[in-house]
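Working notes, beginning with the structure itself.
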Protein chains: 2
Amino acid sequence: MRDAVTSEALREAGLRATRQRTTVLDALRGRPDAITAQELHGELRGTGEPVGLTTVYRTLASLADAGLLDAIPREGEQAFRLCSDDHHHHLICEACNRVDELTAEEVERWVDAVASRRGFRVTGHRADIFGLCAACARS
Amino acid sequence: MRDAVTSEALREAGLRATRQRTTVLDALRGRPDAITAQELHGELRGTGEPVGLTTVYRTLASLADAGLLDAIPREGEQAFRLCSDDHHHHLICEACNRVDELTAEEVERWVDAVASRRGFRVTGHRADIFGLCAACARS
DNA sequence: CATGATCATGGAAACCGTTGTCAATTTCAA
DNA sequence: TTGAAATTGACAACGGTTTCCATGATCATG
Ligand SMILES: [Zn+2]
Ligand SMILES: [Zn+2]
Ligand SMILES: [Zn+2]
Ligand SMILES: [Zn+2]
């Protein structure tokens with residue numbers, strides 16, 4: 001019963017709780033870094049619960065659609081990370097791919113101010129910081 | 001001699017001022033929207049100054065490297081737009097691809113505050129607003 | 001339990017934006 | 001003018017992602 005929460009989350013996302021999907025979602029839990037479909041496929045390949053590459057791609061896309069994952073663009077490919085429901089921004093380490101969530105009142109106010117000043121109808125915005133996390137910077 | 005400025009800009013970027021490169025850079029002048037390599041290649045195909053697709057790709061990449069262009073990521077591909085030298089953010093219309101530059105003191109302060117608070121070594125940041133420009137919103 | 005109807009899986013092939021290859025051409029300093 | 005070095009462009013290759021489709025799992029319903 002170690003994946004009761006996982007199955008629940010999948011069902012809430014409107015997805016059947018298959019072995020593959022719970023495996024993918026479980027692999028994401030507690031992981032501080034964003035990971036790509038290919039990387040995840042590689043990691044699962046070794047374990048007793050492999051998941052087809054196509055299925056990993058599909059599952060990550062579905063979970064991101066459902067708002068359970070954030071898509072973190074990386075050089076030429078796309079990485080994913082479990083995220084909270086609420087709107088947030090990111091602190092992204094380019095060395096270890098760790099992603100921390102940030103709330104940013106000043107950014108939200110900036111967006112509103114700019115939009116109303118220029119008659120712009122906002123559908124979304126993005127504000128992320130790239131660099132080296134404390135651990136990576138020290139080495 | 002209508003492209004004296006263009007040639008000059010190319011040379012400053014460390015690139016020879018060939019017909020193809022001046023054509024590409026001229027096509028970008030005065031254009032309010034970001035455009036992809038394929039789109040630009042298509043537009044130039046009709047004119048008397050066509051440029052090979054590979055060359056368009058290479059030229060846009062070089063100009064972006066030189067800091068003359070901003071790369072604006074679009075669904076699965078990359079669009080480019082002439083930009084100013086100084087650091088700035090973007091107001092991006094998803095309908096007409098118009099891109100306006102924004103300066104944002106609040107954002108810069110936010111980045112510094114977050115970084116110093118979490119011992120993060122910043123190498124870059126991004127803050128862009130997506131939606132519909134005044135013209136597109138009204139239709 | 002059947003028993004279909006629907007959804008999910010995964011290997012292989014296709015897709016598509018982009019980059020590499022390389023012979024022919026152009027640029028530019030001397 | 002001239003030759004070394006840079007540039008061009010048709011074409012092939014690349015790599016992440018998606019599509020195909022035959023097989024297998026899931027889930028109502030009787
Ligand atoms: Zn790190
Ligand atoms: Zn925000
Ligand atoms: Zn617009
Ligand atoms: Zn900034």
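Order of the sequence lines fixes the chain letters, A, B, ..., with proteins taken first and strands second; residue numbering starts at 1 for each chain. Quick caveat, the model's predicted, so the values are computed rather than measured.
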**Prompt:** For T55(A), which contact category applies under a 4.0 Å heavy-atom criterion: base, sugar-phosphate, or nothing?
**Reply:**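 Base, at least one base atom sits under 4.0 Å.
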**Item:** Phosphate OP1/OP2 of dT27(C): any R21(B) side-chain N/O under 4.0 Å
**Value:**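 False: R21(B) side-chain N/O out of range (4.0 Å or more) of dT27(C) OP1/OP2.
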**Asked** Does T54(A) put a side-chain nitrogen or oxygen below 4.0 Å from OP1 or OP2 of dT19(D)?
**Response**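 Indeed not, no polar side-chain atom of T54(A) lies that close.
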**Asked** Can a donor-acceptor pair under 3.5 Å be found between the side-chain atoms of R16(B) and the base atoms of dT7(D)?
**Response**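 A donor-acceptor contact between them is absent.
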Calculate the interatomic distance between [X] atom [atom1] and [N] atom [atom2]; express it in whole Å.
{"X": "H41(A)", "N": "dG15(D)", "atom1": "NE2", "atom2": "P", "result": "16 Å"}
{"X": "Y57(A)", "N": "dA12(C)", "atom1": "OH", "atom2": "C1'", "result": "15 Å"}
{"X": "Q38(A)", "N": "dC14(D)", "atom1": "CD", "atom2": "P", "result": "15 Å"}
{"X": "R45(A)", "N": "dG11(C)", "atom1": "CZ", "atom2": "C1'", "result": "11 Å"}
{"X": "L63(A)", "N": "dA8(C)", "atom1": "CG", "atom2": "C1'", "result": "14 Å"}
{"X": "R58(A)", "N": "dT19(D)", "atom1": "CZ", "atom2": "C1'", "result": "9 Å"}

**Message:** Let's see if you can work this out: which of dA6(D), dC28(C), dT21(C) has an atom nearest to the side-chain heavy atoms of R11(B)?
**Reply:**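 Selected nucleotide: dC28(C).
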**Message:** Taking the minimum atom-to-atom distance to the side chain of R19(B), which one of dT18(C), dG10(C), dG9(D) wins?
**Reply:**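 Per side-chain heavy atoms of R19(B), the pick is dG9(D).
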**Item:** Pairing of E43(B) and R31(B) as salt bridge, 4.0 angstrom limit
**Value:**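 R31(B) and E43(B): salt-bridged.
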**Request:** Output the residues of residues 67-78 of chain B in contact with DNA chain C, where contact means a heavy atom of the residue under 4.0 Å from an atom of the strand; sort by number or write none.
**Result:**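 Heavy-atom cutoff 4.0 Å gives G76(B), E77(B), Q78(B).
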**Prompt:** What about H125(A) and H87(A), are their ring centers closer than 6.0 Å?
**Reply:**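 Judged by ring-centre distance (under 6.0 Å), H125(A) and H87(A) do meet the cut-off.
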**Request:** Return the set of residues passing side-chain contact (heavy atoms from CB on, under 4.5 Å) with A127(B) (not counting sequence neighbours), or none when no residue passes.
**Result:**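 Testing A127(B) for side-chain contact (heavy atoms from CB on, under 4.5 Å), a comparison that skips the adjacent residues, returns W110(A), A127(A), H89(B), V107(B).
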**Message:** Please evaluate residues R29(B) and D26(B) with respect to the criterion salt bridge (charged side-chain N to carboxylate O under 4.0 Å, His left out), reporting the C-alpha separation (whole Å), side-chain torsions for both, the decisive distance (0.1 Å), and the verdict.
**Reply:** CA-CA 5 Å; R29(B) 282 198 197 299; D26(B) 277 340; 3.7 Å; yes
**Request:** Using the salt bridge (charged side-chain N to carboxylate O under 4.0 Å, His left out) rule, collect all pairs that involve residues 57-85 of chain A, keeping only residues at least two apart or in two chains.
**Result:**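 Found E39(A)-R74(A).
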